[in-house]
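Please read these numbers as outputs of a predicted model, since none were measured by experiment.
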Amino acid sequence: MATSKAYPTGGTYFDTMKRNFKNVPVDASKDNAIETSAFLEAAESLTGLFDVMGSVAFAPVKNDMVGNVKKVRDRQLAAPDQSETLQALCLNELKAKKHTATEGLLWLVRGLDFTAQSLRHNLSHPTEELSTSFRHAYQNTLKPHHSFLVKPIFSAAMSATPYRKDFYAKLAAEDNKEMLVREMGEWLEALERQVGELKEFLGRKEAKW
């Protein structure tokens, strides 16, 4: 498989992201309120990893996440004063007897959780191929929520993952592998923390519709 690089000279793929999850403001004093605009930018930046995968089979996975980002952003644009944080956006939308953005965020979080678990598992198992890591994460995250029509689409994507060595070669040069592992680990840690906070919030009674 081709290994055209997706990183700047002397850096890693994570240097190209418009927004890193490390740089998404989270206000611990306000029940871990997550800034909407920054989070959506970071989520959009994450979807670029599916382009690095280099297979059209990942297009539905990426499009699903991008579509859910749009649902949340549309609500933010419609009611900006009530949408500075994701939690406020959802609660105010639900008060208005609507749930398009809240449901979109729920599915976005599931997609982010799937991606985070896939890459965390792969990073923690240095000899494991991506296909194994992604299948493992899919079982734990999205599969229980997918219909029998959607499951084959995602299964096709799992089978289309590049070889491990080719994927990481696109993210950083060989002599920057230690930097890549460190930066990916920091990015994943921030992503996992925010996914956990949003899963907890979306599981509350007040976030249901």
Side-chain angles (χ1 to χ4, degrees), residues 17-21 23-26 32-53 55-80 82-120 134 137-158 187-188 190-204 206-209:
M17 288 184 160
K18 182 177 180 181
R19 174 82 65 166
N20 191 308
F21 280 100
N23 302 320
V24 173
V26 179
N32 294 318
I34 299 173
E35 186 181 297
T36 302
S37 294
F39 181 86
L40 295 180
E41 279 187 359
E44 285 176 323
S45 296
L46 174 148
T47 65
L49 280 169
F50 296 117
D51 295 327
V52 178
M53 295 287 181
S55 171
V56 293
F58 273 95
V61 182
K62 177 181 178 178
N63 292 341
D64 185 65
M65 293 179 72
V66 170
N68 287 317
V69 166
K70 184 180 185 302
K71 289 176 183 177
V72 180
R73 184 170 283 135
D74 284 349
R75 172 65 190 181
Q76 180 192 22
L77 294 173
Q82 300 178 347
S83 308
E84 289 187 9
T85 69
L86 292 169
Q87 291 91 331
L89 181 151
C90 292
L91 294 176
N92 282 302
E93 182 191 44
L94 292 168
K95 285 178 185 175
K97 306 299 182 184
K98 300 176 183 178
H99 64 263
T100 300
T102 305
E103 186 174 5
L105 180 62
L106 176 65
W107 279 102
L108 177 59
V109 168
R110 287 171 176 167
L112 294 173
D113 193 19
F114 159 67
T115 310
Q117 288 196 33
S118 299
L119 295 175
R120 173 62 73 191
F134 272 75
Y138 183 62
Q139 295 282 344
N140 295 336
T141 56
L142 289 169
K143 188 175 181 179
H145 306 289
H146 278 167
S147 69
F148 71 95
L149 293 174
V150 174
K151 286 175 184 175
I153 297 172
F154 275 72
S155 293
M158 305 305 105
W187 172 80
L188 272 172
L191 169 59
E192 290 164 338
R193 186 166 56 249
Q194 289 164 47
V195 163
E197 288 158 355
L198 288 170
K199 285 172 70 174
E200 190 277 328
F201 166 72
L202 290 164
R204 296 179 190 174
E206 63 263 34
K208 303 296 184 185
W209 59 89

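- In plain terms, the two heavy atoms of Ala156 and Ala57 that are nearest each other are O-CB, 4.0 Å.
- Across all non-hydrogen atoms, the minimal contact from Ala116 to Leu191 is CB-CD2, 3.6 Å.
- One finds the OG1 atom of Thr85 at 10.5 Å from the CD atom of Gln76 (value rounded to the nearest 0.5 Å).
- Put simply, the side chain of Gln87 gets close to the backbone of Ile34: a donor and an acceptor are under 3.5 Å apart.
- Partners of Glu41 under the side chain to side chain contact (heavy atoms under 4.5 Å, CB included) rule, at least two apart in sequence or in another chain, are Lys18, Arg19.
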Exercise. Would Leu89 and Gln82 count as a side chain to side chain contact (heavy atoms under 4.5 Å, CB included) if you check the C-alpha gap in whole Å, the side-chain angles of each, and the deciding distance to 0.1 Å?
Worked result: CA-CA 6 Å; Leu89 181 151; Gln82 300 178 347; over 6 Å; no
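- In this structure, OG1 on Thr47 lies 7.0 Å from CE on Met65, to the nearest 0.5 angstrom.
- The two residues Gly111 and Leu142 have their closest heavy-atom pair at N-CD2, 4.0 Å.
- In this structure, Phe134 and Gln139 have side chains that are not in contact, with every pair of non-hydrogen atoms separated by 4.5 Å or more.
- Annotation for Ala137 and Ser118: closest pair CB-OG, 3.1 Å, computed over non-hydrogen atoms.
- No side-chain heavy atom of Phe58 sits under 4.5 Å from any side-chain heavy atom of Val52.
- The distance from atom OH of Tyr138 to atom CZ of Phe114, rounded to the nearest 0.5 Å, is 8.0 Å.
- Side chain of Gln194 to main chain of Phe21: a donor-acceptor pair is present (N/O by atom type, distance under 3.5 Å, no hydrogens or angles).
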Name every donor-acceptor pair, under 3.5 Å, that has one atom in a side chain of residues 94-107 and the other anywhere in the protein, sequence neighbours excluded.
residue, atom, partner, partner atom, Å
Thr102, OG1, Glu93, OE1, 2.7

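- One N or O on the side chain of Lys208 and one on the backbone of Leu202 form a donor-acceptor pair closer than 3.5 Å.
- Side-chain contact between Phe50 and Asn63: absent, with no pair of heavy atoms (C-beta onward) separated by less than 4.5 Å.
- Looking at Leu119 and Trp187, their side chains come closer than 4.5 Å, going by heavy atoms from C-beta outward.
- Pairing each heavy atom of Arg110 with each of Thr141, the nearest pair is O-CB, 4.3 Å.
- Counting only heavy atoms from C-beta outward, the side chains of Arg75 and Lys70 never approach each other to under 4.5 Å.
- Heavy atoms from other residues, nucleotides or ligands lying under 6.0 Å from CD of Glu35 number more than 12.
- Side-chain contact between Pro60 and Phe154 is absent, with no heavy-atom pair separated by less than 4.5 Å.
- Summarising the geometry, atom CD belonging to Glu197 is positioned 10.0 Å from atom CZ belonging to Phe39; distances are rounded to the nearest 0.5 Å.
- Put simply, the side chain of Thr36 gets close to the backbone of Ser83: a donor and an acceptor are under 3.5 Å apart.
- Between the side chain of Asp113 and the main chain of Val109, no donor-acceptor pair closer than 3.5 Å is present.
- Atoms NZ and CG, on Lys199 and Leu112 in that order, are 11.0 Å from each other to the nearest 0.5 Å.
- One finds the CZ atom of Arg193 at 12.0 Å from the CG atom of Leu198 (value rounded to the nearest 0.5 Å).
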